[in-house]
Amino acid sequence: MKKNLLILGAGGHGRAVAETARAMRDLEGNSVYEKIDFLDDLKPGAVGKLNDLPVFKKEYQDAFPAVGAYQKRMELYSRAKRFGFTVPVLVHPTAYVSPSAEIGEGTVILPKVVVHTGAVIGRGCILSIGSLVDHDCVLEDGVHLDCGAVMKGSRVTEGERVPCGMVIENQKRNEQ
């Protein structure tokens with residue numbers, strides 16, 4: 001049975017999340033989601049406001065926090081869990097995720113990302129297009145790797161954002 005997905009936030013990041021969810025396929029090649037809609041307080045076309053989340057529980061099994069701001073993203077993650085939604089991991093089909101990597105719920109892995117052997121990715125993370133997480137790296141909850149960021153032998157602490165194209169090697173992000 002296909003599921004329905006409610007994306008919390010319809011801005012640029014929310015639209016990127018929706019495209020990733022639409023591209024996902026099950027083992028038979030079918031779309032994972034039958035229906036994908038947005039909740040947003042400002043964007044036209046959303047089916048409701050963010051505070052309407054509990055009203056949609058019967059129609060949508062999954063909810064995904066899709067805002068770039070760390071605090072708001074984690075708050076929406078907690079609200080979705082509190083109201084009984086499943087908060088999935090969304091992985092674009094062009095990404096590579098090692099079978100030995102651990103990915104926390106509410107994380108989105110966008111096109112052309114690589115998550116290598118033994119990497120640990122926390123809850124509510126954003127791995128933007130072309131980012132790379134090498135073997136045994138750790139991204140704590142809420143980390144955002146922007147486009148093309150590269151992690152090698154490193155740990156990034158909770159809520160940190162790594163800018164586009166930055167390479168972090170053999171260090172903790174907050175000790176630079």
Side-chain angles (χ1 to χ4, degrees), residues 2-25 31-57 59-95 97 103-115 121-133 139-151 156-166 173:
K2 287 188 183 179
K3 302 178 281 183
N4 295 331
L5 174 65
L6 197 55
I7 298 174
L8 310 178
H13 179 57
R15 293 190 319 273
V17 166
E19 285 185 5
T20 294
R22 284 186 197 105
M24 291 171 55
R25 300 285 181 255
S31 294
V32 171
Y33 291 104
E34 184 171 335
K35 183 176 177 179
I36 298 171
D37 285 307
F38 294 96
L39 291 185
D40 194 285
D41 293 342
L42 303 173
K43 301 289 183 184
V47 296
K49 306 284 186 199
L50 292 170
N51 282 338
D52 298 334
L53 181 60
V55 173
F56 289 92
K57 179 61 183 109
E59 188 176 354
Y60 297 84
Q61 300 76 33
D62 291 3
F64 194 91
V67 294
Y70 159 70
Q71 293 288 358
K72 183 68 172 178
R73 185 168 66 252
M74 297 313 283
E75 174 190 317
L76 291 171
Y77 166 83
S78 294
R79 288 190 71 224
K81 294 296 287 182
R82 186 170 59 247
F83 291 121
F85 289 90
T86 298
V87 180
V89 171
L90 300 178
V91 179
H92 194 276
T94 64
V97 177
I103 312 294
E105 61 187 5
T107 288
V108 62
I109 299 175
L110 295 171
K112 307 296 184 185
V113 168
V114 173
V115 179
I121 312 297
R123 298 173 296 129
C125 292
I126 301 170
L127 279 63
S128 291
I129 58 173
S131 58
L132 180 128
V133 181
L139 305 183
E140 295 180 4
D141 292 347
V143 167
H144 180 177
L145 293 187
D146 221 330
C147 306
V150 176
M151 308 304 307
V156 181
T157 57
E158 183 172 339
E160 289 288 321
R161 181 174 174 267
V162 179
C164 292
M166 180 174 265
R173 170 72 174 124

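Computed over heavy atoms, backbone and side chain alike; hydrogens, waters and symmetry mates excluded.
The distance from atom CD1 of I7 to atom CG of D62, rounded to the nearest 0.5 Å, is 10.5 Å. We find the CZ-CZ distance between F56 and F83 to be 13.0 Å, quoted to the nearest 0.5 Å. Taking CD from E160 and CG from L139, the interatomic distance works out to 11.0 Å, rounded to the nearest 0.5 Å. Going from atom CG of L6 over to atom CG of L53 covers 6.5 Å, rounded to the nearest 0.5 Å.
Under 4.0 Å is where a charged nitrogen must lie from a carboxylate oxygen, and between E19 and R22 no such pair does.
Shown here for A23 and P93, the closest heavy-atom pair between the two residues is O-CG, 3.4 Å. Listed here is the closest heavy atom pair of A63 and A80: CB-CB, 4.0 Å. Across every non-hydrogen atom of T94 and P111, the tightest pair is OG1-CA, 3.3 Å.
Inter-residue side-chain proximity for V67 and L8 is flagged as unmet; no heavy-atom pair is nearer than 4.5 Å. With contacts defined as side-chain heavy-atom distances shorter than 4.5 Å, the pair F85/R79 does not qualify.
Within 6.0 Å of atom NZ in K81, more than 12 heavy atoms from other residues, nucleotides or ligands are found, so the atom counts as buried in its surroundings.
No donor-acceptor pair under 3.5 Å is formed between the side chain of T20 and the backbone N or O of V91. Between the E140 side chain and the T157 main chain, no donor and acceptor come within less than 3.5 Å of each other.
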message: Between M24 and S31, does the side-chain contact (heavy atoms from CB on, under 4.5 Å) criterion hold? Intermediate values first, please.
response: CA-CA 6 Å; M24 291 171 55; S31 294; over 6 Å; no
Inset, instruction - Decide yes or no on side-chain contact (heavy atoms from CB on, under 4.5 Å) for V32 and L90, but give the supporting numbers first. - result: CA-CA 10 Å; V32 171; L90 300 178; over 6 Å; no
Pair H13-V108, side-chain contact (heavy atoms from CB on, under 4.5 Å): steps then yes or no: CA-CA 10 Å; H13 179 57; V108 62; 3.8 Å; yes
In residues 122-131, what donor-acceptor pairs under 3.5 Å come from side-chain atoms, sequence neighbours left out?
unit_1, atom_1, unit_2, atom_2, d
R123, NE, D141, OD2, 3.2
R123, NH2, D141, OD2, 2.6
S128, OG, H144, NE2, 3.2
S128, OG, L145, O, 3.3
S131, OG, S128, O, 2.8

Which donor-acceptor pairs under 3.5 Å do the side chains of residues 35-48 make with protein atoms, sequence neighbours left out?
unit_1, atom_1, unit_2, atom_2, d
K35, NZ, E59, OE2, 2.2
D37, OD2, Y60, OH, 2.4
D40, OD1, L42, N, 2.8
D40, OD1, K43, N, 3.0
D40, OD2, A10, N, 2.7
D41, OD1, L50, N, 2.9

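In this structure, the side chain to side chain contact (heavy atoms under 4.5 Å, CB included) partners of E34, at least two apart in sequence or on a different chain, are K2, N4.
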